[in-house]
Amino acid sequence: VNATPHASRSSSVSSPPYQAVDYSQKIDVNPRKGTRDFPPEDMRLRNWLFQNFREVSQLFGFEEVDYPILESEALYIRKGGEEIRDQIYCFEDRGNRRVALRPELTPSLARLVMQKGQSLSYPIKWYAIGQCWRYENMTRGRRREHYQWNMDIIGVPDVTGEAELISSIVTFFKRIGITAKDVGIKISSRKVLQEVMSLYSVPETSFTKACIIIDKMGKITIEELKKELKSIELSNDAIENLLQVLSIKSFTELEEKLGGTGEAINELKQLFSLAEKFGYSEWIQFDASVVRGLAYYTGIVFEGFDREGKLRAVCGGGRYDRLFSTFGGDDLPACGFGFGDAVIIELLKERRLLPEVPLEIENIVCSLDPDLKGAAARVASVLRGKGRCVDLVLENKPLKWVFKRAARINARRLILVGSAEWEKGMVVVKILSSGEQYQVNVDELE
Ligand SMILES: CC(=O)Nc1cnc2ccccc2c1
């Protein structure tokens, strides 16, 4: 469809690649539904959050990686009936390829590890902060994008991997002023469900589906939950026992149900004793109802929760030892977590812990005489060369305007280039907080 000059922007096109556009109309300046702009003050808060993500990852010796936002849709087509499956932001590109905006980062990590193959040295400890997408109908008014911090360890089979990851999450919370009174981390293992279901000879194939259904607990009614479990061939007996196990909150009860020698209970005990050594026992609790909603988890699973119970999970993760074989590769032991940028900000707001992240540009440089614009530029360059931030006034502005701007950018110093001083190679420095003022030779300025 060719854009005829008077076609209105609102006309629908029959085929890509572009919509007829009426350039006389102002474009819609708002971001697409479910997406956000980051104007400066929001970007400063986001940078503060991400800087904390990065510094914790570096404290733990993790290396940063990144992947394309655009992936093959095939990366996310998994059995198991996950909710995320129906929300993939997918489309056909101009080469008729089925592609998707990534809904999560873990499949990309697996793809890159498989691509790199044996050339990597193990264990791999990688972190990433990436934008993830979902397409859900806007009735729920939920966001369609968010940023997720991920940390993953590939090549460590035992629970020291999970213990390390949980330690990094606790370290992050402490850094931003959140205490074990604000947030806890519920820990369980999918092997608990696996062992219960094997007691009732539930086929392995139903295991993943059952986990995905059970993750909806609290979001759908018990009746609905039972109905969905029945739909994957679980007997009433199996369902009753499964639901009974999910309410277990202590190892003693768990041992009564499963015996004290199974893999599930042993791993959990190991993890809790490691937590003691790491020093974060007060942050964690066993809770058999934690299963997480991603199909690929195989063992320990955990999620950070707001103790007031107002907010959705702050973060979540676990072990996923089978993901690589679902991509046709050799299995590798793996564990990791995802930490979204939305709930944590809501939590900080709730707890009045949102930081002030003011705009701060140390210096503002201006010349009072239009003929000295070049001189002012030189002064700015000298300072910038010494690593000092400078807002250079680029037009001829009255001093009143300059002071106003200095206040808005929280400048510490106003550097005035005046003709009398400049003739002596000097400039005037004004410390804005005290009003103190002095002259200094340009080359001595720092
Ligand atoms: C609270 C929130 O915004 N969650 C959120 C927002 N966008 C997403 C996009 C992809 C996958 C999960 C997502 C989750």
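Counting convention: from 1, in listed order, for ligands and their atoms alike. Hydrogens, waters and symmetry mates play no part in the numbers below; they use all other heavy atoms, side chains included.
Taking the centre of each ring, Phe286 and Phe272 stay at or above the 6.0 Å mark.
Taking a cut-off of under 4.0 Å to the non-hydrogen atoms of Cys132, the atoms of ligand 1 that pass are 9 (C), 10 (C). Close contacts between ligand 1 and Trp133 involve ligand atoms 9 (C), 10 (C) [criterion: under 4.0 Å to a heavy atom]. Every atom of ligand 1 is numbered from 1 in the order shown, and the set under 4.0 Å from a heavy atom of Pro103 is 10 (C), 11 (C). Heavy-atom contacts of Glu145 reach the following atoms of ligand 1: 6 (C), 7 (N) (cutoff under 4.0 Å).
Cation-pi contact between Arg144 and Tyr135: present, with separation from the ring centre below 6.0 Å and deviation from the ring axis of at most 45°. Relative to the six-membered ring of Trp401, Lys404 misses at least one condition, a distance below 6.0 Å or an angle of at most 45° to the axis.
The heavy atom nearest to atom 6 (C) of ligand 1, considering only Arg142, Arg134, Glu136, is found in Arg134.
Looking from atom 1 (C) of ligand 1 to the surrounding protein, the closest heavy atom is Arg312 NH2, 3.1 Å. Protein heavy atom nearest atom 12 (C) of ligand 1, with residue, atom name and distance: His146 NE2, 3.6 Å.
Of all the heavy atoms of Ala342, the ones lying under 4.0 Å from any atom of ligand 1 belong exclusively to the side chain.
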Which pairs of donor and acceptor atoms, one on a side chain in residues 118-126, lie under 3.5 Å apart (sequence neighbours left out)?
{"residue": "Ser119", "atom": "OG", "partner": "Lys116", "partner atom": "O", "Å": "2.7"}

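The structure places CD of Glu164 at 5.5 Å from CD1 of Ile153, a figure rounded to the nearest 0.5 Å.
Side-chain atoms of Asp158 and Thr160 include a donor-acceptor pair closer than 3.5 Å.
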